[in-house]
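Note on naming: letters A, B, ... go to the chains in the order of the sequence lines (proteins, then strands), and numbering restarts at 1 for each one.
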Protein chains: 2
Amino acid sequence: MNSVFKALADPTRRKVLELLRQRPMTAGELSDHFPVSRPTMSAHFAVLREADLIEANKIGTSITYQLKLSVLEDALLGFTQLFGIGAAERTPAGATGSPKPTREGADE
Amino acid sequence: MNSVFKALADPTRRKVLELLRQRPMTAGELSDHFPVSRPTMSAHFAVLREADLIEANKIGTSITYQLKLSVLEDALLGFTQLFGIGAAERTPAGATGSPKPTREGADE
DNA sequence: ACGATATTTAGATATTTGGCTAAATATCGA
DNA sequence: TCGATATTTAGCCAAATATCTAAATATCGT
């Protein structure tokens, strides 16, 4: 969970997730959206992978990355609910993540 | 918004926000919850202040920090909605933040 | 005005991070 | 097997970050 927030701290990585929200994409395809080198992007992918936010799938010579929405959802919603902010109550249509009962007062 | 995610990247700072969720507290009071020096905590407060996540209020010799829930809410909910995750639809009771219309497809 | 208390600022240091180039690895097609 | 393509690993560097101690600043009570 800390790794998720660490991963989210970088704008490039957040944008990668946003791109992946629409469809899975290969490393190269993703890299084309950013003004940095392939190895640098590869490092960003590694951070996202370690946070379990994306999933790699090797097909032939290229690697397709896919967003793991449920992990992002669990971290974000969990934190959000910790503050009584929005979310909760009804599982949104099309949600992929876990139901996770509404925790009201959780401190530590 | 980037500054919010940067601020959220550190566990100590996230915990400070959680503590502040319950009630405003002084710098010293907050510091007592962590195993680091006062100056270090002061630096963390500065990061949170720069992200506009907390508000300082000097009373006599001590400084009381207060959570700015609406800022946290805007950043988190905004990002969350970007992914179609939870939230949205109904403004939660007691929400302090801006209404902010549901943006559906926003990429860049 | 003095001493005590609360907090921040200054300055130093070690670690982490984000970036690069060059090289290694893996797979495809001929 | 060879060459091209996709991606990662290795090695380096500069800037940012988290931490510390010591010192500065501000305010209170006497």
Let me have a per-nucleotide readout for nucleotides 11-23 of chain D, 5' to 3', with B, S or -, counting only protein heavy atoms under 4.0 Å. ------SSBBBB-
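- Listed by chain and number, the residues in a ring pair (Phe, Tyr, Trp, His ring centres under 6.0 Å) with A:F79 are A:F5, A:F83 (sequence neighbours excluded).
- A:L30 places its CG atom 12 Å from the C1' atom of D:dT7, with the value rounded to the nearest Å.
- Here the side chain of A:T61 is nearest to one of C:dT27, D:dT8, C:dT7, namely C:dT27.
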Under 3.5 Å, which donor-acceptor pairs do the side chains of residues 34-45 of chain A form with other protein atoms, sequence neighbours left out?
from, atom 1, to, atom 2, distance (Å)
A:S37, OG, A:T40, N, 3.3
A:S37, OG, A:T40, OG1, 3.0
A:R38, NH2, A:D32, OD1, 3.0
A:H44, ND1, A:R13, NH1, 3.2

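- Side chains of A:Q66 and A:N57 form no contact here, defined as non-hydrogen atoms less than 4.5 Å apart.
- Residue pairs meeting the salt bridge (Lys or Arg N to Asp or Glu O under 4.0 Å) criterion with at least one partner in residues 56-65 of chain B, sequence neighbours excluded, do not occur; the list is empty.
- Under 4.0 angstrom from either OP1 or OP2 of D:dT27 there lies no side-chain N or O belonging to B:S62.
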Show your working on side chain to side chain contact (heavy atoms under 4.5 Å, CB included) between A:E18 and B:L82 and close with a plain yes or no. CA-CA 8 Å; A:E18 288 178 38; B:L82 202 55; 3.3 Å; yes
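- Note on A:Y65: only backbone sugar-phosphate atoms sit closer than 4.0 angstrom, heavy atoms only; bases stay farther off.
- Proximity of residues 52-59 of chain A to DNA chain D (heavy atom under 4.0 angstrom from any strand atom) is not detected for any residue.
- Criterion: ILVMFWY side-chain heavy atoms under 4.5 Å apart, direct or through other members. Under it, A:L77 and A:L17 are part of a common hydrophobic cluster.
- Screening residues 6-30 of chain A for ring-ring contact (aromatic ring centres under 6.0 Å, His included), with sequence neighbours left out, gives no hits.
- Atom CZ of B:F45 is separated from atom C1' of C:dT9 by 15 Å (rounded to the nearest Å).
- By the salt bridge (Lys or Arg N to Asp or Glu O under 4.0 Å) test, B:K68 pairs with B:D52, sequence neighbours left out.
- Applying the side-chain contact (heavy atoms from CB on, under 4.5 Å) test to A:E29 and every residue at least two apart in sequence or in another chain returns A:R23, A:M25, A:T26.
- Between the C1' atom of C:dG18 and the CZ atom of A:F34 lies a distance of 14 Å, rounded to the nearest Å.
- A:S31 comes within 4.0 angstrom of no nucleic acid atom, judged by non-hydrogen atoms across all strands.
- Residue B:I63 has its side chain nearest to C:dT8 when only C:dT8, D:dT7, C:dA6 are considered.
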